[in-house]
Amino acid sequence: TIFTDGAAAGSTSQFTITLSGPTLLGGFRLFTYDDSFQPGNPNRGIGSFRLLGSSNGIDFAVLSSGSVDGHPYVPN
């Protein structure tokens, strides 16, 4: 599991992938699953995302970002 249970609504989670050298990213596909409607998991879901990139591991730029329509905790 990358993201743990029990975080409050609005919490931020992240993970980092380090590659061995410069890589041309031609696109990406983001798949998520919201299990917030299952008993015992009332605060799990995704409202937005950001994909960051860096050539030196220090200075990061936003490569893509977006919000997820229909998130149960964010008014549409």
Side-chain angles (χ1 to χ4, degrees):
T1 300
I2 296 174
F3 306 114
T4 60
D5 293 339
S11 297
T12 300
S13 299
Q14 69 182 35
F15 64 94
T16 302
I17 299 171
T18 303
L19 304 173
S20 61
T23 302
L24 176 63
L25 181 63
F28 74 97
R29 292 171 43 176
L30 175 65
F31 293 90
T32 65
Y33 175 74
D34 184 350
D35 63 359
S36 62
F37 298 108
Q38 294 181 11
N41 292 310
N43 293 320
R44 293 178 56 148
I46 181 172
S48 62
F49 73 92
R50 290 188 311 156
L51 175 66
L52 306 176
S54 174
S55 61
N56 61 12
I58 298 170
D59 302 307
F60 289 85
V62 177
L63 303 178
S64 183
S65 66
S67 60
V68 178
D69 293 334
H71 187 275
Y73 306 110
V74 179
N76 289 327

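By convention here, the first residue in the shown sequence is residue 1.
F60 pairs by the side chain to side chain contact (heavy atoms under 4.5 Å, CB included) definition with L52, S54, not counting sequence neighbours. Under the side chain to side chain contact (heavy atoms under 4.5 Å, CB included) criterion, L51 pairs with L25, F28, L63, S64, sequence neighbours left out. A search for side chain to side chain contact (heavy atoms under 4.5 Å, CB included) contacts involving I17 returns F15, L19, not counting sequence neighbours.
In the hydrophobic clustering (ILVMFWY side chains linked at under 4.5 Å, chained through shared members), I58 stands by itself.
Annotation: side-chain hydrogen bond (donor to acceptor under 3.5 Å, both in side chains) contacts involving residues 19-31, sequence neighbours excluded, are absent.
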